[in-house]
Amino acid sequence: MELRHLRYFVAVVEEQSFTKAAEKLFIAQPPLSRQIQNLESELGIQLFERGSRPLKTTEAGQFFYQHAVKLLSNAEEIKTMTKRVGLMEKTVTMGFVGSLLYGLLPKIVYMFRQQQPHLKIELVEMSTKDQIQALKEGRIDVGFGRLRISDPAIRRVLLREEPLLLAIHSSHHLSTQAAGVYLSEVEDENLFLYPIHPKPNFSTQVRQIFSEHGLDPKNLKEVREIQLALGLVAAGEGACIVPESARTIQLPNLNYIPILDDFAKSPIFLAMRNMDESEDIRSLFDCIYQVYDLEGFLYDRAII
Ligand code: BEZ
């Protein structure tokens, strides 16, 4: 006996006629009658009074009808609930490097939550390098980072190149150069780099920018995190190179000035598993570009 048999039987009882039930079920009457006969032979009882007009159920038929209706309604419930559970449990876990929290990450995640209310979105802070392993192990679904780390299993999409700024004390002579400074002008400054661990990280990237352009900063000091670096700058101990989005961190006497070298940029990448064709990731890209449009950022849209 299959659910189909119950559906046919219930229709015949409710319509009190094989002809009307067949119409309702969009099948021909002979196969419908055959299915009911098969059901009766399987149960070894008569479900309808023979020759009754309109059609009437036997006592056993009435009992069977009541339970068939319940079973069909349970089956319907299971179907809708399973669909809902499937939707409710869809989770997108995003790895991100801490510095992105000062920029657009909160805005992007908030908008994505609004646009995809059925998705559970989880955020996990981790270095770009750790994101690669986490993607491969399925612990995260996407990773936002700043480093060009390559791996054959991972697809990396450049979202944009974020300009770098110099954070400097308001009393420092470079603070008067509101239009900006070149990195060659800060080679002799005390420069705080962050973070210390894990390598490679943003401090590795800043060192590379200097070395790839023949610059030799004399006094580099690594500190644990951006807040510490900027606190020391505000205390007048030196300067620090930060992504533009760090401008949201404000302290007394802390000034930010543009860096004029066009290579002074920090890329922002989105990494995902090579084979991941998920619709959710496509929607996340759409959401990122919507935020860029709202903020007036220039970007080359990646084809995914
Ligand atoms: C951005 O600032 O461009 C950005 C930050 C986090 C995630 C995606 C993009």
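Note that ligands are numbered from 1 as they come in the structure, with each ligand's atoms numbered from 1 the same way. Heavy-atom basis, side chains included; hydrogens, waters and symmetry copies ignored.
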Of the backbone atoms (N, CA, C, O) and the side-chain heavy atoms from C-beta on, which set of Leu159 has a member under 4.0 Å from an atom of ligand 1: side chain, backbone, both, or neither? side chain
Name the closest protein heavy atom to atom 7 (C) of ligand 1, giving the residue it belongs to and the distance to 0.1 Å. Phe144 CD2, 3.5 Å
Honestly, for Tyr292 the part within reach of ligand 1 (heavy atoms, under 4.0 Å) is side chain
Partner residues of Asn274 under the side chain to side chain contact (heavy atoms under 4.5 Å, CB included) criterion, sequence neighbours left out: Arg155
Looking at non-hydrogen atoms alone, which of Val109, Val97, Leu105 comes nearest to atom 5 (C) of ligand 1? Leu105
At a 4.0 Å threshold, what atoms of ligand 1 neighbour a non-hydrogen atom of Leu104? 1 (C), 2 (O)
Considering only protein heavy atoms, which is closest to atom 8 (C) of ligand 1, and at what distance to one decimal place? Ile108 CD1, 3.4 Å
With a 4.0 Å cut-off on N to O distance, would you call Lys20 and Glu14 a salt bridge? no
Would you call Glu162 and Arg146 a side-chain contact if the rule is heavy atoms closer than 4.5 Å? yes
Please name the pair of heavy atoms, one in Val157 and one in Met272, separated by the smallest distance, quoted to 0.1 Å. CG2-CE, 3.7 Å
Could you pull out the closest heavy-atom pair between Ile45 and Ala60, with the gap in Å? CD1-CB, 3.8 Å
Pair Asp151 + Lys136: basic N to acidic O under 4.0 Å: yes
For ligand 1, the portion of Arg160 having any non-hydrogen atom under 4.0 Å away: side chain
